[in-house]
Amino acid sequence: MKRILFFLIASLLFSAFIGDAFDNISSAFRAGDARQLAAYFGPTIDLTLMEREEVYSKGQAEIMLKDFFTKN
């Protein structure tokens, strides 16, 4: 019974964390905030912008997104 309770609590906390991340990512897209989005990137990211697909470092991808948001 304790295991079931532990897993239930752990899954609820994990779900709350994931939900917050999705909310933060969505608001960053709406605001065009490349820095806030980059906080969720790994060391490299496969990014496609306007039919151009590349693998970028976290810093490069942030610059590319910033430029994209500025132009669009």
Side-chain angles (χ1 to χ4, degrees):
M1 182 68 171
K2 288 182 182 180
R3 271 190 184 174
I4 293 172
L5 184 59
F6 171 76
F7 285 117
L8 178 62
I9 291 171
S11 66
L12 288 173
L13 290 173
F14 183 72
S15 296
F17 172 75
I18 295 297
D20 287 345
F22 283 126
D23 290 342
N24 292 341
I25 292 168
S26 294
S27 74
F29 267 112
R30 282 191 299 274
D33 190 341
R35 177 169 284 165
Q36 186 178 359
L37 280 172
Y40 294 94
F41 295 169
T44 60
I45 183 169
D46 187 5
L47 182 65
T48 304
L49 293 172
M50 307 295 280
E51 300 180 13
R52 182 175 175 201
E53 183 176 350
E54 294 284 333
V55 176
Y56 297 102
S57 70
K58 182 177 181 174
Q60 290 172 319
E62 182 179 344
I63 292 167
M64 295 296 292
L65 278 175
K66 184 178 178 182
D67 183 55
F68 175 79
F69 286 142
T70 300
K71 291 179 180 176
N72 298 291

Between Ala38 and Glu62 the two heavy atoms that sit nearest each other are CB-OE1, 3.6 Å

Could you state the interatomic distance from CE (Met64) to CG (Asp67), rounded to the nearest 0.5 Å? 6.5 Å

Going from CD1 on Ile63 to CZ on Arg35, what distance comes out if it is rounded to the nearest 0.5 angstrom? 10.5 Å

Can you tell if the side chain of Glu54 reaches within under 4.5 Å of the side chain of Gln60, non-hydrogen atoms only? no

Contact between Leu47 and Phe41 at the side-chain level, heavy atoms closer than 4.5 Å - yes or no? no

Quick one: OH on Tyr56 to CG on Leu65, what's the gap to the nearest 0.5 Å? 9.5 Å

Taken to the nearest 0.5 Å, the spacing of Lys66 NZ from Leu37 CG works out to 13.5 Å

Excluding sequence neighbours, so at least two apart, what forms side chain to side chain contact (heavy atoms under 4.5 Å, CB included) with Gln36? Asn24, Ser27, Ala28, Asp33

Do Met50 and Ile45 land in one hydrophobic cluster if side-chain heavy atoms of ILVMFWY residues count as linked below 4.5 Å? yes

